[in-house]
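Data block below; observations after.
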Amino acid sequence: MSPRHFLSFADISRTELLTLLDTAVAMKGGRYTATPLAGKQIALIFAKSSTRTRVSFEVGTRQLGGQPIFLSSRDIQLGRGEPLKDMSRVLSRFVDALMIRTFAHADVEELAAYSSVPVINGLTDLLHPCQLLADLLTMQEAFGTVEGKVVAWIGDGNNMANSWIEAAGLLGFELRIACPEGYEPNKAIYDANAARTKIVITEDPDEAVAGAHVINTDVWASMGQEAEIALRQAAFAGYCVDDALLTLADPAAIVLHCLPAHRGEEISESVLEGPRSRVWDQAENRLHAQKALLAMLFP
Ligand code: CP
Ligand code: NVA
């Protein structure tokens with residue numbers, strides 16, 4: 001039997017996702033004391049930098065009784081060109097799960113295809129589903145539910161935007177994405193989910209934010225796009241989440257940012273540090289949400 005992976009929201013049902021969020025709430029509240037990872041080894045493979053994903057997976061694995069093994073592509077043979085399909089079959093014989101952060105999403109799919117243990121997507125150029133688990137938890141904490149809420153995404157149609165589209169399709173909330181022409185989210189992901197819920201794509205941040213309950217943004221240049229920074233700074237001028245933009249949102253609106261943030265670019269200092277910002281809770285929720293994910297994969 002092939003193992004259960006978590007590469008995208010296509011790998012989880014709506015019911016499972018809502019249960020996962022309930023488990024995360026119990027974990028955060030100290031009401032979950034099981035150790036489903038006892039005796040288990042989890043390899044954490046990073047081909048890109050990370051603060052939150054690395055530490056939350058290391059701490060979370062230990063808190064559930066398991067042992068994390070941090071593997072940077074700078075140190076392992078992957079960085080010298082060993083094929084993923086070879087690494088996958090070898091690591092599967094040593095460890096009980098693989099988490100990977102890398103560039104091409106197809107690489108994670110290949111890793112999973114050859115793995116005999118669960119593979120978790122810790123971010124690709126296409127998707128960042130683990131971050132979305134934390135974001136949904138933060139949204140649920142703020143409003144009690146995600147149902148009936150309107151989420152606005154301001155800026156790049158990147159991996160985070162694509163994962164928000166998948167989450168909206170699965171849970172059925174309205175999503176409005178404001179991005180400059182040429183920086184839209186993935187078309188196939190949009191097409192698959194636009195049939196399931198209301199997803200608006202516009203070039204106008206004001207239109208996206210009007211009456212919205214959650215205002216979200218992310219860096220203009222993601223990891224791997226460093227050579228495009230100047231081009232992107234020009235393209236995204238006018239896509240800053242600042243106090244003026246927030247005056248258009250719902251009076252109870254919250255602001256999310258997966259971090260790291262570039263103050264003065266996609267978000268102003270006053271918004272990031274201001275009363276609507278939930279970014280520190282959101283970062284903490286990576287730990288609780290991913291522990292709930294691990295508990296789901298190792299029942
Ligand atoms: N948000 C997020 O994934 O942060 P890191 O890059 O620090 O892991
Ligand atoms: N879109 C960003 C998210 C970082 C957590 C990136 O891919 O670099």
Side-chain angles (χ1 to χ4, degrees), residues 6-9 24 42-61 68 70-74 98-108 120-139 151 153-167 177-180 183-186 189 214 216-229 231-233 235-236 239-241 255-263 265-267 272 277-291 293-294:
F6 183 65
L7 308 190
S8 75
F9 275 57
I42 314 289
L44 308 176
I45 306 160
F46 286 88
K48 290 175 173 171
S49 301
S50 172
T51 300
R52 283 144 286 267
T53 305
R54 175 182 174 176
V55 178
S56 56
F57 266 109
E58 288 206 22
V59 171
T61 298
F70 172 72
L71 300 169
S72 161
S73 64
R74 281 187 295 276
L98 305 171
M99 192 245 49
I100 182 165
R101 164 171 288 194
T102 192
F103 295 85
H105 191 73
D107 284 352
V108 178
I120 297 169
N121 176 4
L123 179 147
T124 63
D125 292 343
L126 187 69
L127 294 170
H128 195 4
C130 288
Q131 179 69 53
L132 253 289
L133 298 178
D135 298 0
L136 295 171
L137 178 58
T138 312
M139 196 175 153
V151 176
W153 177 268
I154 308 301
D156 194 14
N158 62 12
N159 43 12
M160 282 296 306
N162 292 331
S163 281
W164 269 104
I165 292 175
E166 287 198 332
I177 295 178
C179 54
Y183 294 93
E184 294 86 1
N186 180 276
I189 292 175
V214 179
N216 243 300
T217 188
D218 187 13
V219 291
W220 292 340
S222 286
M223 290 182 277
Q225 297 173 333
E226 289 76 10
E228 298 173 29
I229 285 176
L231 182 73
R232 285 172 167 269
Q233 281 175 338
F236 287 102
Y239 288 81
C240 178
V241 175
V255 173
L256 299 180
H257 191 310
C258 63
L259 304 176
H262 288 182
R263 291 164 165 84
E265 292 191 8
E266 77 277 2
I267 190 164
L272 189 72
S277 170
R278 292 290 183 281
V279 300
W280 316 117
D281 292 335
Q282 182 187 5
E284 177 188 333
N285 285 340
R286 293 293 302 276
L287 173 67
H288 310 299
Q290 286 160 198
K291 282 172 67 181
L293 171 67
L294 289 165

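Quick caveat, the model's predicted, so the values are computed rather than measured. As the structure lists them, so they are numbered: ligands from 1, and atoms in each ligand from 1.
Between the side chain of Asn162 and the main chain of Asn186, a donor-acceptor pair closer than 3.5 Å is present. A donor-acceptor distance shorter than 3.5 angstrom exists from the side chain of Arg232 to the backbone of Trp220, with no hydrogens or angles considered. The backbone N or O of Ala134 lies less than 3.5 Å from no partner atom in the side chain of Arg286, so there is not a single donor-acceptor pair.
Side-chain N/O atoms of Gln290 and Ser56 include a donor and acceptor closer than 3.5 Å. Asn158 and Asp218 form a side-chain donor-acceptor contact under 3.5 Å, judged by distance and modelled atom types alone. Between the side chains of Thr102 and Asp107, not a single donor N or O lies within less than 3.5 Å of an accepting N or O.
Closest to atom 4 (O) of ligand 1, if we only count protein heavy atoms, is Arg52 NE, 2.8 Å. Looking at atom 6 (O) of ligand 1, its nearest protein heavy atom turns out to be Arg101 NH1, 2.7 Å. Among protein heavy atoms, atom 7 (O) of ligand 1 sits closest to Thr51 N, 2.7 Å. Of the protein's non-hydrogen atoms, the one nearest atom 2 (C) of ligand 1 is Arg286 NH1, 3.3 Å.
Taking a 4.0 Å cut-off on heavy atoms, His128 registers as neighbouring ligand 1.
Geometrically, ligand 1 and Arg54 share no nitrogen or oxygen pair separated by less than 3.5 Å. At least one N or O atom of Cys258, backbone or side chain, sits closer than 3.5 Å to an N or O atom of ligand 1.
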N or O contacts of ligand 2 with protein under 3.5 Å, please list pair by pair.
from, atom 1, to, atom 2, distance (Å)
ligand 2, 1 (N), Asn158, ND2, 3.4
ligand 2, 1 (N), Asn159, OD1, 2.8
ligand 2, 1 (N), Asp218, OD2, 2.6
ligand 2, 1 (N), Ser222, OG, 2.7
ligand 2, 7 (O), Asn159, ND2, 2.8
ligand 2, 7 (O), Ser222, OG, 3.4
ligand 2, 8 (O), Met223, N, 2.8

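For the atom pair OG1 of Thr217 and NE2 of His257, the computed distance is 5.5 Å after rounding to the nearest 0.5 Å.
Between Tyr239 and Phe236, the ring-plane angle classifies as perpendicular under the 30° and 60° cut-offs. Taking the six-membered ring where tryptophan is involved, the planes of Phe46 and Phe70 are tilted, since the angle between them lies from 30° to 60°.
With a 4.0 Å heavy-atom cut-off, ligand 1 is reached by the backbone of Leu259 but not by any atom from C-beta on.
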Evaluation steps, side chain to side chain contact (heavy atoms under 4.5 Å, CB included), between Asp156 and Gln225: CA-CA 12 Å; Asp156 194 14; Gln225 297 173 333; 4.1 Å; yes
